[in-house]
Number of protein chains: 2
Amino acid sequence: MKRGHHHGDLREALLTAGQHLLDREGIEGVTIRACARSAGVSHAAPINHFPDRRALLTALAVQCMDQLDRQTRDALALAEPAPRARLEALWDVSVAYGQAYPNRYRLMGRADLRDTEDPALKDMLERLLEPIAALGAQLVPGRLAARSLVLALCAALTGYVFMMIDGNLATAHDPDSGQPLHRAILDLLLAGQG
Amino acid sequence: MKRGHHHGDLREALLTAGQHLLDREGIEGVTIRACARSAGVSHAAPINHFPDRRALLTALAVQCMDQLDRQTRDALALAEPAPRARLEALWDVSVAYGQAYPNRYRLMGRADLRDTEDPALKDMLERLLEPIAALGAQLVPGRLAARSLVLALCAALTGYVFMMIDGNLATAHDPDSGQPLHRAILDLLLAGQG
DNA sequence: AATGCAAATTGACAGTGTCAATATCTGGAT
DNA sequence: ATCCAGATATTGACACTGTCAATTTGCATT
């Protein structure tokens, strides 16, 4: 069934090699030639599956987004129905993912490394926005206010995770209340509406 | 007066060359060899002033942070005394800077490219945090609440600017109210405290 | 079985960061 | 004024990288 001509399924092998390289050595470390070496093929073999490095990194980023999206939807499926609780669950997932896989999160944040025209990427970006947009709409009456809230939630969440990843946070938890710091940000953002 | 041995002041020449390259070609484009070419010296001359590329990029980032800090303090000097107005002024400066020089803002966000031990960088980071920390303390009574607010403000601001830079914003202005979108985020963050 | 096409290899080129060895200039001592 | 020591710049090299062209290999369909 596989299209495997020589290798079996080189595309998949390159992606898992890339994932490992990404986790261990950072974005810089995920290079076409290193992935090829790790998959046991020659240095130019990947060109048949990814026209250039940009395409490889885009596919890798889409894979990471898919993981994050699945974890988010799984968590939401188990969360209580109250919008506030669901929003907390959503934030928790992203924060945990960034903590567990900082380099994957960094890759997802590097828009300059992506092929913006990739249809798989476009789909993924839409899918990723869906849950948070739904929660925003649920929390706030007007469509306009909802857009603002969603924007604020996205900006604050990604901004916070990157601060955390980059070590610009003294502590991850509030020393007094013991609750994670990102809870406090959510509190502030939702203080306005009941 | 200058320490100019061969070139006059190569370090400065490399930095301005780097700034131009950064603006025109992005971070990828600011390479040791390109800076050397632009300054009219051989490819290995920069090593005397910057031990490696990381050091060059760090110095460049510090320069950008200094520009942003100066513009911020200038704006605050002209702003009205009300904390809310001062906070708006501070956000306006960062948003405008990101819009005018997206690549400089991107460089400032790339903690992975910096030499964390650089004392000039450490100083600059402290100085950059100072105004926003002061405003947070002024806006909110307890030291703890102030820390949370400052964190939220930093995260939301940088997150928003990056969304804007990377083209993940449909519009930069609210089509109805006409006010810039980041105003709405500030509204949300400050809705809790009077 | 033969042919055509997709996949993989090999080899090359230009570009990069970084190092070692060498040459050159400058400022200050004699 | 001279001369020397050390900072500064050059040259050349090495190991990488992405990308391309030419070639070979292997599969599947005719």
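Order of the sequence lines fixes the chain letters, A, B, ..., with proteins taken first and strands second; residue numbering starts at 1 for each chain. Just so it is clear, the values below take in all heavy atoms, side chains as well, and ignore hydrogens, waters and symmetry mates.
Here A:F50 pairs with nothing under the ring-ring contact (aromatic ring centres under 6.0 Å, His included) rule; sequence neighbours left out.
Applying the ring-ring contact (aromatic ring centres under 6.0 Å, His included) test to residues at least two apart or on different chains, the pairs with a partner in residues 103-122 of chain B are B:Y105-B:F162.
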Between the protein and nucleotides 18-22 of chain C, are there any N/O to N/O pairs under 3.5 Å, and if so, what are the atom names and distances?
| residue | atom | partner | partner atom | Å |
| --- | --- | --- | --- | --- |
| C:dT18 | OP2 | B:R53 | N | 2.9 |
| C:dT18 | O4 | B:R33 | NH1 | 3.1 |

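Residue contacts for B:T31: at a heavy-atom cut-off of 4.0 Å it reaches the sugar-phosphate backbone alone, with no base atom in range.
Rounded to whole angstrom, the span from the CG atom of B:L113 across to the C1' atom of C:dG17 amounts to 14 Å. When rounded to the nearest whole Å, the span between CG of B:L56 and C1' of C:dT16 equals 14 Å. Distance, A:L57 CG to D:dT17 P: 14 Å, rounded to whole Å. The interatomic distance linking B:E28 (CD) with D:dT19 (P) rounds to 11 Å, in whole Å. In this structure, CD1 of B:I27 is placed 17 Å from C1' of C:dT16, rounded to the nearest angstrom.
In terms of hydrophobic clustering, with Ile, Leu, Val, Met, Phe, Trp and Tyr side chains grouped at heavy-atom distances under 4.5 Å, A:V62 and A:I27 are assigned to different clusters.
On a pure distance criterion of 3.5 Å, no polar donor-acceptor pair joins the side chain of B:N48 and the base of D:dA7.
Between the side chain of B:R54 and the backbone N or O of B:R114 there is at least one donor-acceptor pair closer than 3.5 Å.
Heavy-atom contacts from other residues, nucleotides or ligands closer than 6.0 Å to CZ of B:R110 number more than 12.
Proximity of B:R11 to the phosphate of D:dA7: no side-chain N or O atom is located under 4.0 Å from OP1 or OP2. Regarding contacts with the backbone of D:dC16, every side-chain N or O of A:R37 stays at 4.0 angstrom or more from both OP1 and OP2.
Of the charged side-chain nitrogens involved, at least one lies within less than 4.0 Å of a carboxylate oxygen, so that A:E88 and A:R84 count as a salt-bridged pair.
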